[in-house]
Structures are given as C-alpha cells and as structure tokens.
Amino acid sequence: MSEEKPHLSDSLIPRLQQTLTTCSQLIEAGDFSNSDGLLTGLADFLTPISEEASNLDLETTSFQILTEIHCFISAPSRNQEVIDALSFELPKVVCKFACASKSCSEIAELIVGHLVSMCSPREMLSILCEALSSPTEMFRVPCYFSPLIGGLAKVIILIKRRQFEQVKAAVPVILGVLKSMSLEADEEGKDTEDLFHKAIGLADSIQAVCKLLEQKDKKKLCALLGMFVLQVMALVSIAMGHNISSLLPIMIHLSHFLPICGLSYEGLITGLDVDKFTTICGDDGDDNMACFSHVKHGGSLAVIWGYKSNETSVAADTDFEAVKNELQKNQTKRWQAIGMLKYVFSSVDLSWELKVHALDFLLCIMDGCMHQEIQNDTMDYSTYVPTLYTSLQAIEMVIIYAPNAVLRKKSFDTLMKVLADVPSSLRFDILTALIQNSESSSMIAILLDCIRREMHEEYSSCISVNSGVSEAEVKYSQCLSFWSAGVLELVELVLKPPYGGPPSLPEYSDAVLSALNLYRFVVIRESTGKTNCTGVLCKDMLQTAYNEWLLPLRTLVTGIMAENQQDHEKLASDTMCSLNPIELVLYRCIELVEDNLKHA
C-alpha cells in the first residue's frame, strides 16, 4: 500500500506557528531588533506561497495560513505590542492570500479589520495606504485591494482629529487603485464590482464622519466626499459601462450621496458645483487634487443616469423634468451643459452604450430648446466659443468612430442641433475652426456641406425678407454672415493644402468633392444674382482658382485615372469610383471659371 502524499500545509503551518510564537516572545521581552528581522522573515517566507495561491492545493493551504494568523492575533491574551508590530507586515501579506478564493478574501478582511480595531487609527491609515501602493504586478488585482479598502472604511470612522486632512491624504491612493483597476477590468468583472462596493462603503464612512464635525470642517469634508463620489461614478462607468444592468444599482447608491454633499443636477451639468467643490478642496497647485481627473465625467454621468433612470433621480432627490426645462429655456446653462458632456463624448474609456445615453440626453434638451438667434446684449458669446468648439469636436469623434450607422446618424443629428443653437455670426467661425483642425476627409466633407446649406438658407431667407425689392438693391451684407471671403479660404484649404501641391487622392476624395461642390455653388449663385459678397468673381480670384486650384487638380485626377484605367484590381475599381464624381464637378467648375473670366 502506497503512503499518502503529505499535504503542503503539514510542514508550513507548524513553521508559521513557531515563527509567530517566537516573534511574540521576542517583542514581549523587548528584543525588538531580532523581532523585526523575524517579522521580515515571516513576510519573505509567506510571499512565495501566496504567489502560487491559484493552485487548488495552495488554496487550501492559503485558507489554513490565514485562519492560523487570524486565530493568533485574536487570542484574548495577545500582547498589544505584538499586535502593533504585526500590523506593519500582515496587511500586505494576508491580502496576497486573499486572491486564492472568496473564503480567503473574507478571512483576510477579518484580519485587517481586527488590526484596525486594535491599533492606532492614524498608524493603520498609513499602513493600509502603503499596502495599497506597494503590490507587485502579480497582485495588482481587485481581490488584493478589496480587504485594504474595506479596512480603510473602518479606520476613517475611528480617526478623531484632523479628519479632513487625513482623508484628503488617503483619497488619492484609493482613487489611484480604482482608476488602474477600472482601466484593466474584464467583461466578467465580478471582483471589480466588489471593489467598487468597498469604495461605496468608504464613502459611507466619510459621510458618517461629516455628521460629527463642526460647520467649517464639515463643509470641506462634504466637498471632498462629493468629489470622491463623482470620481468613483466615472471610474465605475469605465469599468462596467458594458454591463448596464450591473452598473445601474451602483449608480443609484452613489446618487444618494449627491444631495448630502450639496450637489444638484443643475450644478453638476453646468459644471458650477464641480468648480465650487474643487475650490473648497484645494487649488490647482495641490498635488492631491490630481486624483480627481474624472470628476467632470462623473458629474455629467450622474445627470445622464438621472435622465435614463427614475430611480437614480429619486436617489439624487432631484426633479429631473425641472432641470431639463431650465436647460431648454436658458441658453447659457444649455451651453455649459454641452461643455460638460464633451467629457463623456471624448473619453476613449467609456462604453458606446453610455455615449448613446449621453446623445439621447443632449437631443432631449436640444429638441425642446428655445433658439435665440437674436443676440442678447448682456451675454458675452465669445467666452463660450472655445467650449462649444471643443464640444463639437468631441461629437465629431463619436461620428467618426461610431461602430454602426444608427449611432453615426444620431451623433450627426446632435451635431446639427448644437450648431443650430449657435448664432449664425459665431456659427461660421466655429465651423471654420472645425474644418481647419480636422484630419478626417469625410468629416471635412460633412462640415463643408453644412456651410453650403447654411449659405443657401441665408440667401433664401434674405431674398424672402426683401421680397419685392430688386436683387441689385438688396443689402446682402446685412443678412449674409456666411457669404464672405472666408468661404473661399476653406475651399483653398482643401484644393490647395497648406503643405503644398494638390490634395492627396483618393484619400481625400470626400473632402475634395465637397469643396468643389461648394465652390460651384458660390460661383453660380454670385454670378446669377449679380453679387460678389465672397469676392469669388474678382478677376484675380478667378485666375487664382483656375491656375492654382482647378488645373493642378485636373492634372492629378486625369493622371490617377489613366493609371487605373486598365487595372481590374478592386482597389483600382474603388479609386475610379471615388474619382468619377470629382472629375464631373471639376470640369463644371473649370467651365464656370472660364465663362466668368471672359466677362471679368
């Protein structure tokens, strides 16, 4: 009969018991130099075992090791100096074994919790933060961090002095962990979900401390709690945005903190509350404030969830309809909201599902808004141009990278509605900036088509208003803000790029075709209307367009088409298909210029 193979723990547990007992004896005897070396040796002895804890045999061993440690430190006769000494090493060690199984994680949390209850809260705050910051790459996983954050939730309640400063020092470490875990979360993400529940427990503890403070300190800690909650809202949305059904309960729970901290949906979506809380918690030079990099994402997402879920708005103690109505009737607040939503649209980490919710929310506001074409003299519109520009750029990114046609259409509709909310005197400048700073041929084509439609609508409106007046007597300069030399500059930007030479084809086929169509439209309209608002009919301008834009482009197009004429490869066929419409419009433009040069 073969002998039974000895279990791994048969040799490890006695050695662990002996090390803990010896260490305890040395500390009680005041021999701290030898006890310190023994504690370090204990950590060095256990760490290699924890690194193999995924093995089934080692899972059992890990459970036994954690159980032995918990029994040792929980013994009623255990000397306080021994507990204090062990508290410096044990949190990091036991949390490594927490990764072995759910039961191991639970015992690790019991060990950390016992150390918290027995040792100095301020010491434990530093020890746990250091443990959060120091794991090797192997242990940068949610199950390692969860017991530590759970321990911090217990520590914070026990701190009796300088609570705001202590919490403010710990928050960057905690948020750093949550951020790294959110960016690395997998689609299952159960451990990640548990980690964020621990973060909610931490927020509960901070709230409990707020209730005990005097007014000044309470205001500062409430502001810090608000910033923490908004950052967590953003990070959990990054981690779990693909799983809306699991994300919703967490967002509802987090929304409970908003009214407690003094955060409102209106203040969040306009950004005013975020700016106010940032000022309360610290200035831009405060290194600790760098951890709140996603609070504006969180502020936007909090309101978006209030739009999507009645439970969330109830938890936030907010009447969402009232907020929506205010945004629809107040252009300033509406533009501020558009500026906040750009953080969602431009984020590469947030899921497409959440971006769809953001588009729905913005469309909901824009569909019922009261457009204000007549400018308000008391409002400095120029201050909002940079925000509107960057927001439209963010929506552009959704259009360009959207995974399906439905989302592209929805984001395009949103872009058009936001542009329509901008006075025409500013709209042209914003469209120009978008075109000048876009590297997407398709996007440039879309924006040039927008300009052509705007010009057509302006012209038709101007003629309608001046009905009964001959075209020669119409004062176009007073009603045509888009009809300026700037239009020709945009055409030139595409047909004669700043880097020299004709445009790159077929890569820029969409942009080139749109630019030619815009030029043709302007020439026909100006020549038939006997106007020259853009300067397109000036002899010098006609010659420039002819010699520097159109003829070089014709040479390029005919050359490429000749090269691909006999090639039956699919790429050649695609190239010919993209160049055929360009050739047609190009020759029409050349004819128009030649005709106008005869009469210039």
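- Taking CG of Asp273 as the reference point, atom CD of Glu266 lies at 9.0 Å (rounded to 0.5 Å).
- Counting heavy atoms from C-beta outward, Leu431 and Leu490 have side chains that stay 4.5 Å or more apart.
- The side-chain hydrogen bond (donor to acceptor under 3.5 Å, both in side chains) search around Lys539 returns none, not counting sequence neighbours.
- Every residue meeting the ring-ring contact (aromatic ring centres under 6.0 Å, His included) condition with Phe521, not counting sequence neighbours, appears here in chain and number order: Trp483.
- Ser180 places a side-chain N or O within 3.5 Å of a backbone atom of Val177 that can act as its donor or acceptor partner.
- No side-chain donor-acceptor contact under 3.5 Å links Ser441 and Asp510.
- Side-chain contact between Trp549 and Cys589 is absent, with no heavy-atom pair separated by less than 4.5 Å.
- Residues Leu542 and Leu537 come closest through the heavy atom pair CD1-O, 3.5 Å.
- Within the 4.5 Å cutoff, the side chain of Leu301 has heavy atoms near those of the Leu350 side chain.
- Looking only at distances, a side-chain donor or acceptor of Arg427 sits under 3.5 Å from a matching main-chain atom of Leu419.
- The side-chain contact (heavy atoms from CB on, under 4.5 Å) test applied to Ser351 returns Glu353, Leu354, not counting sequence neighbours.
- Counting heavy-atom neighbours within 6.0 Å of Glu311 CD, excluding the residue itself, gives a total of 12 or less.
- Panel note: side chain Gln328, backbone Cys364; a donor-acceptor pair is recorded below 3.5 Å.
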Report task. Applying side chain to side chain donor-acceptor pair (under 3.5 Å), run through Glu583 and Tyr587 and close with a yes or a no. Result -> CA-CA 6 Å; Glu583 185 182 39; Tyr587 279 103; 4.5 Å; no
Distance-only check: which donor-acceptor pairs under 3.5 Å involve side-chain atoms of residues 398-416, not counting sequence neighbours?
unit_1: Asn404; atom_1: OD1; unit_2: Val406; atom_2: N; d: 3.3
unit_1: Asn404; atom_1: OD1; unit_2: Leu407; atom_2: N; d: 2.7
unit_1: Arg408; atom_1: NH1; unit_2: Ala402; atom_2: O; d: 3.1
unit_1: Lys409; atom_1: NZ; unit_2: Asp413; atom_2: OD1; d: 3.2
unit_1: Lys409; atom_1: NZ; unit_2: Asp413; atom_2: OD2; d: 2.8
unit_1: Lys410; atom_1: NZ; unit_2: Asp360; atom_2: OD1; d: 2.7
unit_1: Ser411; atom_1: OG; unit_2: Leu407; atom_2: O; d: 2.9
unit_1: Ser411; atom_1: OG; unit_2: Arg408; atom_2: O; d: 3.0
unit_1: Thr414; atom_1: OG1; unit_2: Lys410; atom_2: O; d: 2.8

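- In terms of modelled atom types and a separation under 3.5 Å, the side chain of Gln231 and the main chain of Cys291 share a donor-acceptor contact.
- When all heavy atoms are compared, the tightest approach of Ala302 to Leu258 is CB-CD1, 4.1 Å.
- Nearest heavy atom pair, residue Tyr459 against residue Gly529, reads OH-CA, 3.9 Å.
- By the ring-ring contact (aromatic ring centres under 6.0 Å, His included) test, Tyr307 is found to be paired with Phe320, Phe361, residues two or more places apart in sequence or in another chain being considered.
- Residues satisfying the side-chain contact (heavy atoms from CB on, under 4.5 Å) test with Asn517, not counting sequence neighbours, are Arg452, Leu513, Arg520, Val585.
- Using a 4.5 Å heavy-atom threshold, the side chains of Asp429 and Tyr389 count as separate.
- Pairs of residues two or more places apart, or lying in two chains, that qualify as side chain to side chain donor-acceptor pair (under 3.5 Å) and include a residue from residues 493-505 are Lys496-Glu548, Ser504-Glu507.
- Within the 4.5 Å cutoff, side-chain heavy atoms of Pro498 are placed close to those of Leu493.
- Applying the side-chain contact (heavy atoms from CB on, under 4.5 Å) rule to Glu591 yields the partners Arg588; only residues at least two apart in sequence or on another chain are considered.
- Checking each of Ile338, Val274, Ile304, Leu341 against Ile269 for a side chain to side chain contact (heavy atoms under 4.5 Å, CB included) leaves exactly one that passes, namely Leu341.
- The side-chain hydrogen bond (donor to acceptor under 3.5 Å, both in side chains) test applied to Glu526 returns Thr531, Thr534, not counting sequence neighbours.
- Of the possible donor and acceptor atoms, one in the side chain of Asn547 sits under 3.5 Å from a partner among the backbone N and O of Gln543.
- Residues satisfying the side-chain hydrogen bond (donor to acceptor under 3.5 Å, both in side chains) criterion with Lys342, sequence neighbours excluded, are Thr390.
- Applying the side-chain contact (heavy atoms from CB on, under 4.5 Å) rule to Tyr343 yields the partners Lys296, His297, Met340; only residues at least two apart in sequence or on another chain are considered.
- Under the rule for a side-chain hydrogen bond (donor to acceptor under 3.5 Å, both in side chains), Asp540 has no partner lying at least two apart in sequence or in another chain.
- Side-chain N or O atoms of Thr279 include one that pairs as donor or acceptor with a backbone N or O of Asp275 at under 3.5 Å.
- Between Phe345 and Leu362, some side-chain heavy-atom pair lies under the 4.5 Å cut-off.
- No side-chain heavy atom of Ser347 sits less than 4.5 Å from a side-chain heavy atom of His294.
- Considering only heavy atoms from C-beta on, Phe292 stays 4.5 Å or farther from Leu230 through its side chain.
- Side-chain atoms of Asp349 never come within 3.5 Å of backbone atoms of Leu183 as a donor-acceptor pair (strictly under, hydrogens ignored).
- Atom CD of Glu439 is surrounded by 12 or fewer heavy atoms from other residues, nucleotides or ligands within 6.0 Å.
- Under 3.5 Å, the side chains of Ser245 and Asn243 contain a donor-acceptor pair of N or O atoms.
- When atom types are taken as modelled, the side chain of Ser460 and the backbone of Glu457 share no donor-acceptor pair closer than 3.5 angstrom.
- A donor-acceptor pair is defined here as one N or O able to donate and one able to accept, closer than 3.5 Å; such a pair exists between the side chain of Glu458 and the backbone of Ser481.
- Cation-pi geometry between Lys308 and Trp305 is not satisfied (NZ or CZ under 6.0 Å from the ring centre, within 45° of the ring normal).
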